[in-house]
Asks: 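Got a structure for you, written out below as structure tokens; questions coming shortly.
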Amino acid sequence: MLNPSRIDALPHSPRHPRIVAPGSDCALFLAQSVRSLPVTASLFPSSRFLAAALLRQIDFSSAFVIVELGIGTGAVTRQILRRLGPRTALYGVDLNPHFVTHVRHRIRDSRFFPILGRAECLTSLLRERGIRRVDAIVSSLGLTSMAPDLRSKILRQAAEHLGPDGLLTQYQYLHAGSSRLLSSLGIRPFAEKEFLGRYFRQVSSERVLWNVPPATVYTCRL
Ligand SMILES: C[S@@+](CC[C@H](N)C(=O)[O-])C[C@H]1O[C@@H](n2cnc3c(N)ncnc32)[C@H](O)[C@@H]1O
């Protein structure tokens, strides 16, 4: 069934993506990571293998609205757009203006709406755009290095906006098991799967080795 509040949010004249080759993605990503590694949470953009694992369980044929949290230089964004239907909208949120400006110039696609904003303000960002329900949330946020109340605020809002068949995907590099490495980085061990389980009834995981560094992808359903 079409929900009018969601149709209003869709772009009016979808066309195929015009994605400009990602010339300096890595240089920008590295520069921003050097400035603030805890926020950027990685030294390199995600590989297409990691992106594929994040997107594998999303039903792109029935999705109307997809939200990406933490777009960075658009590595995952491009892979979402490759799979997206012509009438589906992708809203990409990032707090770093350098990244948002970069993807605005690099990814020209009428289905894609980059948003300069904070994931913890998801409800108001969506409300401003007339959106209540979303079908999938793809998160690359570095939850491990976030303050506990901040990551709780983000996950609570994300779960509230998903429909009953919706799902959230999230990845993590550093596990609670790697506690020696975490403490050398000044980060407290964080059991991401258990944390996600507070908000979602079903949390499955998949290890992705073809990424620097290797990561675990969590797929969460209500
Ligand atoms: C690990 S990077 C992922 C970038 C990209 N999606 C990828 O996989 O290559 C995490 C991204 O989340 C953004 N970020 C961190 N905290 C955020 C927050 N509270 N709200 C929105 N974006 C945030 C960072 O600026 C960074 O671009």
Side-chain angles (χ1 to χ4, degrees), residues 19 22-56 58 66-84 90-107 112-126 128 134 136-158 161 168-175 185 187 190 192 195 206 208 210-219:
I19 300 175
S24 60
D25 280 15
C26 281
L28 175 64
F29 204 98
L30 192 58
Q32 295 304 308
S33 300
V34 169
R35 277 185 56 203
S36 182
L37 187 58
V39 176
T40 305
S42 178
L43 289 173
F44 307 104
S46 294
S47 71
R48 64 190 163 86
F49 302 99
L50 179 52
L54 277 169
L55 307 180
R56 206 172 337 272
I58 297 175
I66 294 180
V67 171
E68 185 188 355
L69 299 177
I71 54 179
T73 48
V76 178
T77 315
R78 290 181 179 85
Q79 297 302 322
I80 298 174
L81 289 168
R82 278 186 210 284
R83 294 159 172 79
L84 211 62
L90 170 62
Y91 292 86
V93 179
D94 205 293
L95 54 66
N96 184 327
H98 296 281
F99 287 146
V100 174
T101 303
H102 182 83
V103 296
R104 273 205 181 113
H105 284 98
R106 295 280 169 154
I107 303 178
F112 176 48
F113 301 89
I115 300 171
L116 176 61
R118 294 179 165 271
E120 56 271 31
C121 303
L122 183 63
T123 296
S124 55
L125 294 175
L126 292 178
E128 284 162 16
V134 307
I137 298 178
V138 180
S139 168
S140 307
L141 300 173
L143 297 181
T144 304
S145 54
M146 271 185 194
D149 57 340
L150 183 60
R151 60 191 173 217
S152 298
K153 197 172 172 187
I154 293 170
L155 261 293
R156 198 166 41 244
Q157 291 180 58
H161 287 288
L168 174 138
T169 59
Q170 167 76 48
Y171 64 78
Q172 183 182 32
Y173 303 128
L174 298 168
H175 304 265
L185 294 171
I187 298 170
F190 169 53
E192 188 145 301
F195 170 74
E206 177 184 347
V208 179
W210 291 102
N211 191 72
V212 183
T216 301
V217 169
Y218 298 104
T219 301

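Predicted, not measured: the structure shown is a model, and the values here were computed from it. Positions are given from 1 along the sequence. As the structure lists them, so they are numbered: ligands from 1, and atoms in each ligand from 1.
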Asks: Check the orientation of Phe113 and Tyr91. Use parallel for under 30°, tilted for 30 to 60°, and perpendicular for over 60°.
Replies: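 Ring orientation, 0 to 90° scale: parallel.
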
Asks: Please determine which of Leu95, Ile154, Val138 meets the side-chain contact (heavy atoms from CB on, under 4.5 Å) test together with Leu69.
Replies: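 Among Leu95, Ile154, Val138, the one meeting side-chain contact (heavy atoms from CB on, under 4.5 Å) with Leu69 is Ile154.
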
Asks: Please check if the side chain of Arg78 supplies one atom and the backbone of Gly74 the other of a donor-acceptor pair under 3.5 Å.
Replies: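 A pair under 3.5 Å: yes.
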
Asks: List ligand 1's nitrogen or oxygen atoms that come under 3.5 Å of a protein nitrogen or oxygen, with the partner atom and distance.
Replies:
{"from": "ligand 1", "atom 1": "6 (N)", "to": "Gly70", "atom 2": "O", "distance (Å)": "2.7"}
{"from": "ligand 1", "atom 1": "6 (N)", "to": "Ser140", "atom 2": "OG", "distance (Å)": "3.1"}
{"from": "ligand 1", "atom 1": "8 (O)", "to": "Ser46", "atom 2": "OG", "distance (Å)": "2.5"}
{"from": "ligand 1", "atom 1": "8 (O)", "to": "Tyr171", "atom 2": "OH", "distance (Å)": "3.0"}
{"from": "ligand 1", "atom 1": "9 (O)", "to": "Ser46", "atom 2": "N", "distance (Å)": "2.8"}
{"from": "ligand 1", "atom 1": "19 (N)", "to": "Glu120", "atom 2": "OE1", "distance (Å)": "2.9"}
{"from": "ligand 1", "atom 1": "20 (N)", "to": "Ala119", "atom 2": "N", "distance (Å)": "2.8"}
{"from": "ligand 1", "atom 1": "22 (N)", "to": "Leu95", "atom 2": "N", "distance (Å)": "3.3"}
{"from": "ligand 1", "atom 1": "25 (O)", "to": "Asp94", "atom 2": "OD1", "distance (Å)": "2.7"}
{"from": "ligand 1", "atom 1": "27 (O)", "to": "Gly72", "atom 2": "N", "distance (Å)": "3.3"}
{"from": "ligand 1", "atom 1": "27 (O)", "to": "Asp94", "atom 2": "OD2", "distance (Å)": "2.6"}

Asks: Tell me, which pairs form a salt bridge (charged side-chain N to carboxylate O under 4.0 Å, His left out) where one or both residues lie in residues 136-148, sequence neighbours left out?
Replies: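 Sorted pair list comes back empty.
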
Asks: Once you round to the nearest 0.5 Å, how far does OG1 of Thr169 lie from OH of Tyr218?
Replies: 13.0 Å

Asks: Can you list the steps and then say if His98 with Arg35 is a side chain to side chain contact (heavy atoms under 4.5 Å, CB included)?
Replies: CA-CA 12 Å; His98 296 281; Arg35 277 185 56 203; 3.3 Å; yes

